[in-house]
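By convention in this document, chain letters (A, B, ...) are assigned in the order of the sequence lines, proteins followed by strands, and residues within each chain are numbered from 1.
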Number of protein chains: 2
Amino acid sequence: MYTGYNLEDRVFLAVDCIIFGFDDEDLKVLLIKRDFEPEKGKWSLMGGFLKSNETLDDAADRILHRLTGVHDIYQEQLYSFSDLDRDPVARTISTSYYAIINIEKHNEELIQQYNAQWFSLADIPDLIFDHNEMVQKAIRRLRRRTSINPIGFELLPEKFTMRQLQKLYEAILDKELDKRNFINKINSMDILIKLNEKDMTSSTKGSFLYQFDQEKYDKKKGDNFYLKL
Amino acid sequence: MYTGYNLEDRVFLAVDCIIFGFDDEDLKVLLIKRDFEPEKGKWSLMGGFLKSNETLDDAADRILHRLTGVHDIYQEQLYSFSDLDRDPVARTISTSYYAIINIEKHNEELIQQYNAQWFSLADIPDLIFDHNEMVQKAIRRLRRRTSINPIGFELLPEKFTMRQLQKLYEAILDKELDKRNFINKINSMDILIKLNEKDMTSSTKGSFLYQFDQEKYDKKKGDNFYLKL
DNA sequence: ACAAAAGTGTTAACGCTACACCCATGG
DNA sequence: CCATGGGTGTAGCGTTAACACTTTTGT
């Protein structure tokens with residue numbers, strides 16, 4: 001018996017963002033120390049409430065911008081969490097997003113303003129509510145995405161060395177990879193451009209820099225190939 | 001500046017279910033013909049609103065039960081849709097779930113009560129709101145899940161022939177498979193029990209029936225192997 | 001005897017893995 | 001001249017894909 005929407009419940013809908021970054025060594029997550037209730041003083045994901053005039057994607061973008069100062073960060077919706085008591089203050093559903101960001105490109109001031117801090121995956125503290133679960137789910141998703149879609153674009157500077165790319169994959173997959181096999185596999189994807197330019201900071205010999213070939217990359221994205229690393 | 005939850009917006013949160021079934025030939029989706037506004041007379045997914053005292057999973061289960069008479073159907077959360085004008089009546093977010101069900105096990109009366117009908121993937125009509133998009137996303141997800149996890153359990157009768165299983169995979173992947181290679185790959189997963197029993201309806205010779213080995217199946221589920229078909 | 005589906009193995013191509021040595025340069 | 005990271009190729013193995021004929025039995 002349909003009676004119109006009036007009799008239905010409305011709920012708070014939050015958006016929480018798992019923000020991944022990479023610092024040439026570790027895969028990291030950006031967390032904020034809450035200086036507001038509830039759970040003041042504990043670490044948490046950056047989040048906010050969905051406003052009725054924005055989409056979830058918009059909300060995620062707004063929240064990411066608030067903390068990083070950057071717009072159009074790569075983001076993807078992860079999962080909607082709805083345990084009855086997940087938020088002790090009020091019945092709140094949370095749709096989580098994960099984002100990947102070049103760790104150098106955020107705004108330092110904003111980070112400080114929010115008491116934010118990058119944590120290596122191994123050092124993630126107890127978070128409020130179900131945020132640890134969100135992070136774990138995001139890591140699993142990121143790992144799986146790695147074998148279906150090229151990533152890296154979003155986590156690395158524009159020009160990077162093979163070594164950096166390899167370290168990134170190693171950090172994501174939490175697994176050491178063979179240098180030569182890695183290069184072969186990456187090259188077989190045919191999405192990189194080798195530049196006539198070397199990075200001299202990492203060794204005396206210097207290592208060639210690469211760029212993603214945006215066009216080829218975009219084309220591959222639709223293909224859903226499977227890359228075994 | 002945190003000001004409490006009072007100033008935040010609340011929204012309607014709907015749950016819509018893509019229900020997959022298999023009839024030995026085609027993969028199908030169960031749709032209902034709406035006899036209520038808005039969009040009365042059009043086809044749509046079965047859905048409902050989240051109540052404030054239930055989780056999204058609960059809501060999906062409730063909705064699935066309402067239409068099929070069955071509880072504990074296999075279900076998985078798919079995605080939350082939030083376009084501003086996706087529902088013309090009121091601002092509503094919808095979290096979609098897809099479910100897979102043995103097509104013989106639903107309750108015929110309920111199906112009739114709701115004017116429900118099974119549609120082959122190729123024949124899906126125009127649906128209300130963004131429901132077509134939901135269905136397409138569900139199909140993609142189901143396809144991908146096929147290569148990561150064994151499925152079939154939920155879509156087939158308890159005892160089934162290799163041919164049925166192969167047809168199921170072919171229907172999901174929309175792709176013809178080689179009989180011998182298929183059997184080898186399925187056997188290599190080691191999750192089937194060959195019964196000493198034949199199904200005589202499909203041929204004069206008769207074909208052996210199989211069952212899933214629930215225990216082994218559950219064990220594999222966590223493993224996240226990759227099955228290439 | 002024939003029609004209709006079931007059942008069964010082999011081979012060739014390909015892709016993946018494992019593996020070790022020389023190179024260039026700055027200090 | 002040496003220490004450090006960069007760069008490069010191959011052979012063996014395992015996996016996958018392609019492929020066709022025989023079996024059974026009801027009519």
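- Judged by the 6.0 Å distance and 45° axis criteria, A:K198 is positioned over the aromatic ring of A:F208.
- Boundaries of the chain A contact region on DNA chain C are C:dT17 to C:dG26, first to last in 5' to 3' order (nucleotide atom under 4.0 Å from a heavy atom).
- Atom CG in B:L229 sits roughly 12 Å away from atom C1' in D:dT16 (whole-Å rounding).
- Contact annotation: side chain of B:R180 to base of D:dA20, donor-acceptor pair present below 3.5 Å.
- Note: A:I183 CD1 to A:L177 CG = 11.5 Å, rounded to the nearest 0.5 Å.
- Near DNA chain C, meaning a heavy atom under 4.0 Å away, the residues from residues 181-204 of chain A are A:N181, A:K185, A:T204.
- Using cut-offs of 30° and 60° on the angle between ring planes, the pair A:H71 and A:H65 is parallel.
- Distance B:L177 CG to D:dT16 C1': 13 Å, rounded to the nearest Å.
- Using modelled atom types and a 3.5 Å distance limit, the side chains of B:D16 and B:S94 yield a donor-acceptor pair.
- One atom, NZ of A:K228, and another, P of D:dG14, lie 13 Å apart when rounded to the nearest Å.
- One can place CG of B:D178 at 9 Å from P of D:dC19, the figure rounded to the nearest angstrom.
- Neither side chain, B:T55 nor B:D57, offers a donor N or O lying under 3.5 Å from an acceptor on the other.
- Using a 4.5 Å heavy-atom cutoff, the side chains of A:Q117 and A:L31 are not in contact.
- At least one donor-acceptor pair under 3.5 Å links the side chain of A:N107 to the backbone N or O of A:E109.
- Rounding to the nearest 0.5 Å gives a distance of 6.0 Å between CD1 of A:I186 and CG of A:L227.
- Between the side chain of B:K205 and the base of D:dT23, at least one donor-acceptor pair of N or O atoms lies under 3.5 Å.
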